[in-house]
Amino acid sequence: MSTSLDTFDWFSVRQLQDSGVLRVEDGNHGEYRPRPHEFGDEGASLFVRAADMSDNRILFDSAKAISDVACRRIRKGIGFGGDILFSHKGTVGKVALAPLDAPEFVCSPQTTFWRTEDEGILDRQFLFAFLRSPFFIRQWFVRKGETDMADYVSLTAQRELMVPLPPVDWQRDVGLAVAAFDDLIENNRRRIEMLEEMARLLYREWFVHFRFPGHEEVGLVDSDLGPIPEGWDVSPLGEACLLVMGQSPKSEYYNDIGEGLPFHQGVTDFGPRFPTHTKWTTVDKREAEPGDILFSVRAPVGRINVASDRLVVGRGLSAIRAMDGNQNFLLTQLKEKFAVEDSIGGGTIFNAVTKKDMESIQLLKPISRVVEGFEAAAGPMADLIANLSRQNLILREARDLLLPRLVSGELDVSELDLGLEAVGA
């Protein structure tokens, strides 16, 4: 039987904190904040910023570490597994759940942890679902412009936000239903990551260490990229690929109702990214086809993904297609070459590359027999990656459609068939 949030009591974060149910705390400001020289690739704890949050996950691999000296000075914002992080300054509204086995981390001054301290009253998974729902988003959205600075929802303002307390059994049912989507999305993401790593290792074996089939019979010669096998060549991207540089259409061509093609300005780690407010455009001169490589050309430069549908590329993006059709080889080569973002480009305000910069990128051009062998080996991996990516797009859409109805009680969890294994198959 469905219910409604309107029938339950709502409490302010401050009330829940005073009663020991919830704890909300941001990172250290001022004199306690880590100093620039205390950051590094290794340290006693990780320092999580809004930039280290994506797709409801904390990207611990990208977070900088802080030294033991800095950790001893930290007075608040010390995170634990199970905490829910909320970005509240500059980029407002990102939400991410720290896994229970999360490494040691602290919040930056721009992030806040929300910690359930009594799961007999407030279920963690329900809270995670609620913080992603319109019922919470609407609350912080009206508060984020209260200062003259960048968008900001202060800790004081967060403690005035309201949270419902339905019966905990109902909370758990809702939390588990939403988590079922999250878990499958995460499992697919890990499978994609593993497949991409397999392709990368094969590429490195054949095209970095030059241990390709038959390499024993081939000597090395000098090239612009260093020693390469005899018979191989080096060519600029502009000669080997079709390149489309994005451009922003005039405002009169945009719409919010889905007419024309989706307009993309950048790339995230899980797919093409829409602008802050999803736009479509009837101008389709600068477009990518399904399977084209999407390469970010502005801040950061070198973020890479693949277009799943036909789309218009914005100013921060380029679309790349191999002229010889060996798209998997080109994708893996570019990912290997630009494993570190912003390794090329320049700019006084933000990093960027021009079409001339892109066209001059030097690419390895092996003999066709070896490339075809790689395509034969990596092709099935690429097909499975594409299928898993499509599944995740469908799962995200389904989750985001159902989430507000589940949290509000409009949709009864018992009415759902969560046989999610077949989604997108």
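Remember, predicted model here, so these are calculated numbers, not experimental data.
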pair [X]-[Y]: side-chain heavy atoms closer than 4.5 Å:
{"X": "Lys337", "Y": "Leu364", "result": "no"}
{"X": "Val313", "Y": "Val244", "result": "yes"}
{"X": "Ile66", "Y": "Val106", "result": "yes"}
{"X": "Leu311", "Y": "Leu261", "result": "no"}
{"X": "Leu330", "Y": "Cys241", "result": "yes"}
{"X": "Phe128", "Y": "Asn56", "result": "yes"}
{"X": "Ile344", "Y": "Phe338", "result": "yes"}
{"X": "Arg124", "Y": "Glu119", "result": "yes"}

Exercise: identify the closest heavy-atom pair between [X] and [Y]:
{"X": "Met245", "Y": "Val353", "answer": "CE-O, 4.0 Å"}
{"X": "Leu403", "Y": "Ala129", "answer": "CD2-O, 3.4 Å"}
{"X": "Leu363", "Y": "Leu225", "answer": "C-CD1, 4.0 Å"}
{"X": "Ser318", "Y": "Val297", "answer": "OG-CG1, 3.7 Å"}
{"X": "Thr111", "Y": "Cys107", "answer": "OG1-CB, 3.2 Å"}
{"X": "Trp206", "Y": "Phe374", "answer": "CZ3-N, 3.3 Å"}

Got a donor-acceptor contact below 3.5 angstrom from the [X] side chain to the [Y] backbone?
{"X": "His88", "Y": "Gln110", "answer": "yes"}
{"X": "Ser12", "Y": "Leu161", "answer": "no"}
{"X": "Asp123", "Y": "Phe126", "answer": "yes"}
{"X": "Gln171", "Y": "Pro166", "answer": "yes"}
{"X": "Gln391", "Y": "Asn188", "answer": "no"}
{"X": "Asn187", "Y": "Leu184", "answer": "no"}
{"X": "Asp52", "Y": "Ile58", "answer": "no"}
{"X": "Gln327", "Y": "Ala322", "answer": "yes"}
{"X": "Glu410", "Y": "Leu406", "answer": "no"}
{"X": "Glu25", "Y": "Leu155", "answer": "no"}

Using distance only, find each side-chain donor-acceptor pair of residues 94-102 under 3.5 Å and give its atom names and separation, not counting sequence neighbours.
| residue | atom | partner | partner atom | Å |
| --- | --- | --- | --- | --- |
| Lys94 | NZ | Ala50 | O | 3.0 |
| Lys94 | NZ | Met53 | O | 3.0 |

ask   = Does one side chain, of Trp140 or Gln158, offer a donor that lies under 3.5 Å from an acceptor on the other?
value =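 No, because no side-chain N or O of Trp140 sits under 3.5 Å from a partner of the opposite role on Gln158.
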Residues forming a salt bridge (charged side-chain N to carboxylate O under 4.0 Å, His left out) with [X], sequence neighbours excluded:
{"X": "Arg315", "value": "none"}
{"X": "Lys89", "value": "none"}
{"X": "Arg190", "value": "Glu186"}

With a 6.0 Å cut-off on ring centres, are [X] and [Y] close enough?
{"X": "Phe80", "Y": "Phe105", "value": "no"}
{"X": "Phe86", "Y": "Phe113", "value": "no"}
{"X": "Phe130", "Y": "Trp114", "value": "no"}

Should we count [atom1] of [X] as having more than 12 external heavy atoms under 6.0 Å?
{"X": "Gln362", "atom1": "CD", "answer": "yes"}
{"X": "Lys365", "atom1": "NZ", "answer": "no"}
{"X": "Arg35", "atom1": "CZ", "answer": "yes"}

message = Quick check with a 6.0 Å cut-off and a 45 degree axis cone: is Arg138 positioned over the face of Phe141's six-membered ring?
response = no
query = Residues two or more places apart in sequence or in another chain: which of them pass side-chain contact (heavy atoms from CB on, under 4.5 Å) with His209?
reply =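 Scan of His209 (side-chain contact (heavy atoms from CB on, under 4.5 Å), adjacent residues dropped) gives Arg204, Glu205, Arg211.
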task = Output all residues satisfying side-chain contact (heavy atoms from CB on, under 4.5 Å) with Met381, sequence neighbours left out; order by chain, then residue number.
result =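 side-chain contact (heavy atoms from CB on, under 4.5 Å) list for Met381, sorted by chain: Leu195, Met198, Ala199.
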inquiry  = Rounded to the nearest 0.5 Å, what separates atom CG in Leu331 from atom CD1 in Ile293?
reply    =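 Nearest 0.5 Å value for the CG-CD1 distance: 4.5 Å.
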ask   = Which of parallel (below 30°), tilted (30 to 60°) and perpendicular (above 60°) describes Phe39 and Phe47?
value =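 Judged by the thresholds at 30° and 60°, the geometry between Phe39 and Phe47 is perpendicular.
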ask   = Between Trp170 and Phe8, how do the two ring planes meet: parallel, tilted or perpendicular, split at 30° and 60°?
value =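 Taking Phe8 first and then Trp170, their aromatic rings sit tilted (interplane angle of 30° to 60°).
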ask   = Under the side chain to side chain contact (heavy atoms under 4.5 Å, CB included) criterion, do Ser108 and Val48 qualify, and how do the steps go?
value = CA-CA 6 Å; Ser108 72; Val48 177; over 6 Å; no
query = Who are the side-chain hydrogen bond (donor to acceptor under 3.5 Å, both in side chains) partners of Lys335, not counting sequence neighbours?
reply =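 For Lys335, the residues satisfying side-chain hydrogen bond (donor to acceptor under 3.5 Å, both in side chains) (neighbours in sequence not counted) are Glu196.
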ask   = When you look at Leu402 and Phe181, which way does the side chain to side chain contact (heavy atoms under 4.5 Å, CB included) test go after all the steps?
value = CA-CA 10 Å; Leu402 292 174; Phe181 287 91; 3.7 Å; yes
query = Is there a side chain to side chain contact (heavy atoms under 4.5 Å, CB included) between Leu242 and Ile320 once you walk through the steps?
reply = CA-CA 6 Å; Leu242 296 172; Ile320 307 172; over 6 Å; no
key: Worked verdict on Ser389 versus Asn392 for side chain to side chain donor-acceptor pair (under 3.5 Å)   = CA-CA 5 Å; Ser389 298; Asn392 273 0; over 6 Å; no
key: Ion pair Arg200/Glu197, N-O distance below 4.0 Å   = yes
Salt bridge (Lys or Arg N to Asp or Glu O under 4.0 Å) partners of [range], not counting sequence neighbours, each pair once:
{"range": "residues 59-74", "result": "Glu38-Arg73, Asp41-Lys64, Asp68-Arg72"}
{"range": "residues 234-243", "result": "none"}
{"range": "residues 320-332", "result": "Asp292-Arg321"}
{"range": "residues 155-167", "result": "Arg143-Glu160"}

task = Scan residues 174-183 for pairs that pass side chain to side chain donor-acceptor pair (under 3.5 Å), counting only residues two or more places apart or in two chains.
result =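 Sorted pair list: Arg132-Asp182, Asp182-Arg399.
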Full working for side chain to side chain contact (heavy atoms under 4.5 Å, CB included) between Asp83 and Thr116 = CA-CA 8 Å; Asp83 286 352; Thr116 297; over 6 Å; no
